[in-house]
Amino acid sequence: LAMGMPLFGYVHEGYWLDIGTLESYQSATLDLLEGRLARFAEAASAGRIASPPPPSTAVDGRSVIGPGCAIGEGSALESSILLPGARVGAGCRLADCIVGPGAGVADGALLRGQVVVPPGTPA
């Protein structure tokens with residue numbers, strides 16, 4: 001403005017959320033799963049479990065399992081998101097977690113509020 005350059009704006013009346021933090025990413029995912037974004041509700045529901053887990057695995061209705069994921073026997077997911085290719089070992093308990101694409105969680109891990117990324121991922 002001080003240089004006399006024009007300033008533009010746009011009035012957006014739809015849903016918008018900056019998903020740059022773990023909390024806001026999870027919040028946006030839950031908004032989808034809980035039907036707050038009616039336009040995407042059917043797609044969100046249909047794509048919530050892209051990789052069916054074994055029968056001994058407990059997955060709550062606030063979790064998402066992306067394509068190509070693997071979950072070990074006896075694991076439980078609560079409000080967690082597995083991105084494509086994520087792996088969770090046997091006997092794990094994840095709550096409020098995000099497991100990044102291709103990342104793995106070792107057998108028996110107990111995680112809450114964590115983001116798991118593949119080794120070598122830049123910080």
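Remember, it's a predicted structure, so these values are computed and weren't measured experimentally.
- Cys92 and Val88 make their closest contact through CB-CG1, 3.6 Å (heavy atoms, listed as atom of the first residue, atom of the second, distance).
- In terms of the side-chain hydrogen bond (donor to acceptor under 3.5 Å, both in side chains) criterion, residue partners of Tyr15 (sequence neighbours excluded) are, by chain and number, Asp31.
- Taking the side-chain contact (heavy atoms from CB on, under 4.5 Å) definition, one finds that Ala95 meets it with Glu78, Arg112, sequence neighbours left out.
- The nearest pair of heavy atoms linking Gly113 to Cys97 is N-SG, 3.7 Å.
- The salt bridge (charged side-chain N to carboxylate O under 4.0 Å, His left out) analysis of residues 5-17, with sequence neighbours excluded, yields no pairs.
- Minimum interatomic distance between Gly74 and Thr57 (heavy atoms only, all atoms of both residues): N-OG1, 4.2 Å.
- Closest approach of Val116 and Gly104 over heavy atoms only: CG1-O, 3.6 Å.
- A donor-acceptor pair under 3.5 Å links the side-chain atoms of Arg87 to the main chain of Gly102, judged by distance alone.
- Between Gly100 and Ala86, the shortest heavy-atom contact is O-CB, 3.7 Å.
- By the side-chain contact (heavy atoms from CB on, under 4.5 Å) test, Ser79 is found to be paired with Asp60, Arg62, Asp96, residues two or more places apart in sequence or in another chain being considered.
- Ser24 pairs by the side-chain hydrogen bond (donor to acceptor under 3.5 Å, both in side chains) definition with Thr21, not counting sequence neighbours.
- Its side chain within the 4.5 Å cluster rule, Leu1 clusters with Leu7 among the Ile, Leu, Val, Met, Phe, Trp and Tyr residues.
- Under the 4.5 Å side-chain heavy-atom criterion for ILVMFWY residues, a single connected hydrophobic cluster contains both Ile81 and Ile19.
- Every residue two or more places apart in sequence or in another chain that forms a side-chain contact (heavy atoms from CB on, under 4.5 Å) with Pro67 is listed here: Ala50, Pro84.
- Annotation for Ser51 and Gly66: closest pair OG-O, 2.7 Å, computed over non-hydrogen atoms.
- Listed by chain and number, the hydrophobic cluster partners of Met5 are Met3, where partners are ILVMFWY side chains within reach of under 4.5 Å, directly or through others.
- One distance of note links OG of Ser80 with CG of Leu111; it measures 8.5 Å at 0.5 Å rounding.
- Ser63 pairs with exactly one of Leu82, Leu94, Leu77 by the side-chain contact (heavy atoms from CB on, under 4.5 Å) rule, that one being Leu77.
- In this structure the side chain of Val59 reaches within 4.5 angstrom of the side chain of Ile49, judged on heavy atoms.
- The side-chain contact (heavy atoms from CB on, under 4.5 Å) search around Glu73 returns Pro54, Ser56, not counting sequence neighbours.
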